[in-house]
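Beneath this line is the structure, given in structure tokens, with notes to follow.
Since we're looking at a predicted model, the values are computed, not measured.
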Amino acid sequence: MSKSETAPDFWLIASILGLLAIGIVMVYSAGSVLGFHDYGDPFYFVKRQGLFAVLGLIAMFIMMNVNYRILRRYAKPILITCFIMLIIVLIPGIGVVRGGARSWLGISSFGIQPSEFMKLGMVLFLSYWLSQKEYNITSFTRGLLPPLGIIGLAFGLIMLQPDLGTGTVMLGAALLIVFTAGAKMKHLLGLAAVGAAGFIGLIIAAPYRLQRITAFLDPWSDPLGAGYQIIQSLYAIGPGGLAGLGLGMSRQKYSYVPEPQTDFIFSILSEELGFIGGLFVLFLFLIIVWRGIRVAMTIDDPFGSLLAVGIVGIVGIQVIINIGVVIGLMPVTGITLPLISYGGSSLTLMLTAFGILLNLSRYAR
């Protein structure tokens with residue numbers, strides 16, 4: 001260990017491993033009924049989650065111990081590879097359709113989600129690009145528009161799948177980096193107005209998105225259709241009370257909450273572990289965001305600082321959207337809860353990103 005390095009942030013490691021452990025337990029609890037019903041094995045989902053957790057931990061350990069500055073030279077190739085994957089997945093016969101979106105590459109039930117790779121690839125590239133001394137992001141045409149063009153292209157390709165949830169997380173984290181890099185507020189506010197109009201256009205263009213908005217505002221207007229997921233999620237959270245029904249005792253996982261081991265796993269967690277369990281999970285996420293921001297503020301390297309901001313942005317935005325959907329404050333978007341929900345690509349990429357953040361913490365003051 002060089003003089004400039006320290007040990008990785010203990011609170012970050014403890015929170016990450018704590019959430020991962022909770023996630024594995026909850027994937028088994030929430031997915032055991034569906035696993036037995038569909039595959040004849042109650043351990044079906046947790047075994048696969050455990051496999052990807054091991055792969056993710058290996059990736060996290062490697063990234064934690066390899067100097068993050070090496071990532072500078074690979075930022076462009078990684079972004080180009082992510083764009084190629086986003087294009088390939090749109091080709092009929094190659095991209096796999098799941099949940100109404102052509103967003104997977106793979107065979108049978110094994111696959112990867114290119115949009116998940118793009119979230120980290122975009123954060124890495126923008127951190128590299130905007131941290132260069134000669135780059136002037138305060139200029140609208142030469143400084144702000146070029147990165148926004150790349151962000152918009154990536155968002156557009158993700159929306160062709162379509163995957164509004166993942167696209168929103170990528171967009172939010174990318175814009176957070178742009179803001180932190182020094183973009184003028186008046187430029188961002190103007191673009192935000194244009195973006196809001198475009199966002200409304202995307203919702204209007206696809207009837208199912210408009211139905212989700214309607215269901216979010218009044219799920220009881222269509223209790224067996226667009227509002228079903230939100231209603232069943234609230235039915236899970238309510239009976240959980242303060243301490244929950246007990247681990248494994250959820251009633252809503254018995255084919256009431258759709259895919260309880262993925263997007264709505266927090267509702268099952270709240271039903272079984274109660275308000276205390278849900279609050280503890282949010283507390284661990286809050287520690288990650290706090291320590292991540294601390295790394296971004298205390299590291300001397302602009303590239304490292306922006307990279308930390310981007311990773312924290314991915315985590316924070318994804319948690320806010322997922323929890324917001326589960327408790328009925330946001331429309332359904334199909335976003336997983338980091339480290340908790342079932343999903344190979346999401347889990348492996350998130351642990352890889354945390355490995356980079358832990359590496360950055362070794363160089364923070």
(request) Please lay out, stage by stage, how S346 and Q113 fare under the test side chain to side chain contact (heavy atoms under 4.5 Å, CB included). (result) CA-CA 8 Å; S346 175; Q113 220 174 342; 5.8 Å; no
Can a donor-acceptor pair be found, under 3.5 Å and without considering hydrogens, that links the side chain of [X] to the backbone of [Y]?
{"X": "S361", "Y": "L358", "value": "yes"}
{"X": "S305", "Y": "A296", "value": "yes"}
{"X": "S127", "Y": "L307", "value": "yes"}
{"X": "Q232", "Y": "Q229", "value": "no"}
{"X": "T168", "Y": "L164", "value": "yes"}
{"X": "S233", "Y": "V326", "value": "yes"}

If I take atom [atom1] from residue [X] and atom [atom2] from residue [Y], how far apart are they, to the nearest 0.5 angstrom?
{"X": "I150", "Y": "L145", "atom1": "CD1", "atom2": "CG", "result": "11.5 Å"}
{"X": "L329", "Y": "I323", "atom1": "CG", "atom2": "CD1", "result": "10.5 Å"}
{"X": "L234", "Y": "S270", "atom1": "CG", "atom2": "OG", "result": "10.5 Å"}
{"X": "F266", "Y": "N322", "atom1": "CZ", "atom2": "CG", "result": "8.5 Å"}
{"X": "L12", "Y": "M64", "atom1": "CG", "atom2": "CE", "result": "11.0 Å"}

Would you give me the side-chain donor-acceptor pairs under 3.5 Å for residues 49-59, sequence neighbours excluded?
residue, atom, partner, partner atom, Å
Q49, OE1, G343, N, 3.2
Q49, NE2, S341, O, 2.9

Side chains of [X] and [Y], heavy atoms from C-beta outward: is any pair under 4.5 Å?
{"X": "Q252", "Y": "P239", "answer": "no"}
{"X": "L306", "Y": "L126", "answer": "no"}
{"X": "P338", "Y": "L19", "answer": "no"}
{"X": "L175", "Y": "L148", "answer": "yes"}
{"X": "S32", "Y": "Y44", "answer": "no"}
{"X": "T166", "Y": "M118", "answer": "no"}
{"X": "L351", "Y": "L339", "answer": "yes"}
{"X": "L337", "Y": "F264", "answer": "no"}

Consider only side-chain heavy atoms of I, L, V, M, F, W and Y, link residues closer than 4.5 Å, and tell whether [X] and [Y] are in one cluster.
{"X": "V325", "Y": "Y228", "value": "no"}
{"X": "I88", "Y": "L120", "value": "yes"}
{"X": "M330", "Y": "I314", "value": "yes"}
{"X": "L245", "Y": "V25", "value": "no"}
{"X": "L153", "Y": "Y128", "value": "yes"}

Once salt bridge (charged side-chain N to carboxylate O under 4.0 Å, His left out) is applied, what residue pairs with a partner in [range] remain, sequence neighbours excluded?
{"range": "residues 262-288", "answer": "K253-E272"}
{"range": "residues 338-353", "answer": "none"}
{"range": "residues 115-131", "answer": "E116-K119"}

Distance-minimising heavy-atom pair for [X] and [Y]:
{"X": "T298", "Y": "A364", "result": "OG1-CB, 3.2 Å"}
{"X": "P146", "Y": "T141", "result": "CD-O, 3.3 Å"}
{"X": "N359", "Y": "Y68", "result": "OD1-N, 3.2 Å"}
{"X": "V309", "Y": "L176", "result": "CG1-CG, 3.7 Å"}
{"X": "M170", "Y": "I151", "result": "CE-O, 3.9 Å"}
{"X": "P260", "Y": "I268", "result": "CB-CG1, 3.8 Å"}

(message) Under 4.5 Å side-chain heavy-atom separation, chaining through any Ile, Leu, Val, Met, Phe, Trp or Tyr, what else clusters with I231? Say none if it is isolated.
(response) W220, Y235
(message) Checking one residue: L242. Which other hydrophobic residues are in its cluster under the side-chain 4.5 Å linking rule?
(response) F275, I276, L279
(message) Can you confirm whether F280 is buried at CZ, in the sense that more than 12 heavy atoms of other residues, nucleotides or ligands lie under 6.0 Å from that atom?
(response) no
(message) Which residues pass the side-chain hydrogen bond (donor to acceptor under 3.5 Å, both in side chains) test with N67, not counting sequence neighbours?
(response) R69, Y363
(message) Which residues pass the salt bridge (Lys or Arg N to Asp or Glu O under 4.0 Å) test with K47, not counting sequence neighbours?
(response) D41
(request) Mind checking salt bridge (Lys or Arg N to Asp or Glu O under 4.0 Å) for R294 and listing every partner two or more places apart, or none if nothing turns up? (result) none
Below 3.5 Å, can you tabulate the donor-acceptor pairs from side chains in residues 283-292 to any protein atom, sequence neighbours excluded?
residue, atom, partner, partner atom, Å
R291, NE, D9, OD1, 3.3
R291, NE, D9, OD2, 2.9
R291, NH2, D9, OD2, 2.9

(request) Apply side chain to side chain donor-acceptor pair (under 3.5 Å) to the pair T336 and Q318, showing each step before the final yes or no. (result) CA-CA 7 Å; T336 58; Q318 198 159 323; 3.2 Å; yes
(message) Tell me every residue that passes side-chain contact (heavy atoms from CB on, under 4.5 Å) with A183, counting only those two or more places apart in sequence or in another chain.
(response) I137, L144, V178, L188
(message) Run the side chain to side chain contact (heavy atoms under 4.5 Å, CB included) test on M60 and T352 for me, step by step, so that the C-alpha distance in whole Å, both residues' side-chain angles and the decisive distance to 0.1 Å come before the verdict.
(response) CA-CA 5 Å; M60 186 179 82; T352 302; over 6 Å; no
(request) Indicate the ring-plane relationship of F45 and Y39, choosing parallel, tilted or perpendicular according to the 30° and 60° boundaries. (result) perpendicular
(message) What I want to check is whether the side chains of Y342 and R48 have a donor and an acceptor closer together than 3.5 Å.
(response) yes
(request) Give the C-alpha distance, both sets of side-chain angles, the deciding distance and a yes or no for side chain to side chain contact (heavy atoms under 4.5 Å, CB included) between F354 and I13. (result) CA-CA 9 Å; F354 281 137; I13 294 179; over 6 Å; no
(request) Any chance you could lay out the side chain to side chain contact (heavy atoms under 4.5 Å, CB included) test for W104 and S345, step after step, and finish with the verdict? (result) CA-CA 10 Å; W104 293 84; S345 295; 4.3 Å; yes
Output a table of donor-acceptor pairs, distance under 3.5 Å, between side-chain atoms of residues 70-86 and any protein atom two or more places apart or on a different chain; print 'none' if there are none.
residue, atom, partner, partner atom, Å
R72, NH2, D301, OD1, 2.8
R72, NH2, D301, OD2, 3.0
T81, OG1, P77, O, 2.8

